[in-house]
2 protein chains.
Amino acid sequence: MRSAKKKQLETKGWKVGTVAEFLQLSPEESAYIEMKLALSKNLQERRKGKSLTQEQLANLLKSSQSRVAKMEAGDPSVSLDLLVRSLLILGESRKSLAKILSEPHSAFAA
Amino acid sequence: MRSAKKKQLETKGWKVGTVAEFLQLSPEESAYIEMKLALSKNLQERRKGKSLTQEQLANLLKSSQSRVAKMEAGDPSVSLDLLVRSLLILGESRKSLAKILSEPHSAFAA
DNA sequence: CCAATATATGTCATTTCTGACATAATGTCA
DNA sequence: TGACATTATGTCAGAAATGACATATATTGG
């Protein structure tokens with residue numbers, strides 16, 4: 001969260017911390033979720049970059065539109081496995097996946 | 001596979017290719033399996049580095065000795081999720097995990 | 001060699017993930 | 001506005017992953 005926004009909310013009476021704090025996540029749980037969100041976000045970027053609808057991507061992945069929507073939304077019912085396999089099918093390399101995984105996701109920044 | 005060894009086997013009548021070729025894996029499937037194997041290997045290294053038995057690690061992970069054995073063996077019944085969560089609990093960072101994931105695994109080298 | 005310890009392998013009930021479907025919500029364009 | 005396309009959300013039966021257990025197979029130290 002941008003510190004300006006944080007300050008603004010605090011002024012209005014909100015106690016604002018990280019998402020991890022709010023959800024009472026351990027560092028490991030946070031890292032795990034951050035990784036999934038980073039992949040989710042990238043999946044959507046990749047799809048849009050290729051001008052595909054969720055339906056079309058679903059066909060490529062032999063999945064369904066609703067599952068693609070859940071993947072992109074970071075739904076907890078979606079596994080790392082599915083995200084990784086999907087991105088590989090979309091053409092990501094191990095190296096590029098690694099890069100994605102190592103980069104922080106804005107919603108979780110301290 | 002080292003090319004000297006490869007040549008030797010071919011001389012004896014073996015048709016030797018990559019593991020991926022033998023198993024008829026697509027590039028995506030290969031990459032996925034390579035990533036799992038890289039994590040498996042690292043999990044074992046981490047465990048041994050801490051001088052833990054599989055039983056002790058299992059307790060840390062709230063899992064069982066047999067599942068730890070399967071994780072380290074790269075058993076197909078083990079998910080990326082489990083490997084990643086385990087390594088995070090063992091203290092790996094997202095960055096170090098990314099590094100592991102991006103590095104090739106010997107058994108799959110072309 | 002024998003014990004003791006550690007690791008591997010097989011199986012299985014329970015839990016979790018998945019694709020599929022229906023339908024709601026949102027967006028787009030004339 | 002309204003039809004049409006796209007995306008989001010809820011649900012569920014079937015598939016896959018998980019922990020646990022038994023037991024087999026190393027491995028280690030006398």
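Sequence lines set the chain letters: A, B, ... in the order given, protein chains first and strands last, and positions in each chain run from 1.
Within residues 70-92 of chain B, the residues that place at least one heavy atom under 4.0 Å from DNA chain C are, in residue-number order, B/Lys70.
In this structure, CD of A/Gln65 is placed 15 Å from P of C/dA24, rounded to the nearest angstrom. Distance B/Lys62 NZ to C/dT16 P: 14 Å, rounded to the nearest Å. Nucleotide C/dG19 holds its P atom 13 Å from the CD atom of A/Glu55, rounded to whole Å.
Of the residues listed (A/Leu61, A/Leu60, A/Asn59), the one engaging A/Ser63 in a side chain to side chain contact (heavy atoms under 4.5 Å, CB included) is A/Leu61, and it is the only one.
Shown here for A/Ser102 and B/Arg94, the closest heavy-atom pair between the two residues is C-NH2, 4.0 Å. In plain terms, the two heavy atoms of B/Ser64 and B/Ala58 that are nearest each other are C-CB, 3.3 Å.
Between the side chains of A/Ser26 and A/Glu28, at least one donor-acceptor pair of N or O atoms lies under 3.5 Å. No donor-acceptor contact under 3.5 angstrom links the side chains of B/Glu55 and B/Gln65, judged on distance only.
Contacts between chain A and DNA chain D, taken as any atom within less than 4.0 angstrom of a protein heavy atom, begin and end at D/dT6 to D/dT11.
For the pair A/Lys36 (side chain) and A/Val78 (backbone), a donor-acceptor distance under 3.5 Å is present.
Considering only side-chain N and O atoms, B/Arg47 lies under 4.0 angstrom from the phosphate OP1 or OP2 of C/dT7.
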Starting from the C-alpha separation in whole Å, work towards a yes-or-no answer on side-chain contact (heavy atoms from CB on, under 4.5 Å) for A/Glu72 and A/Arg47.
CA-CA 10 Å; A/Glu72 291 182 355; A/Arg47 175 178 66 82; 2.6 Å; yes
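We find the CD-NZ distance between B/Gln54 and B/Lys48 to be 8.5 Å, quoted to the nearest 0.5 Å.
Each of A/Ser66 and B/Ser66 has a nearest nucleotide on DNA chain C; the 5'-most of these lies closest to B/Ser66.
Note on A/Ser63: only backbone sugar-phosphate atoms sit closer than 4.0 angstrom, heavy atoms only; bases stay farther off.
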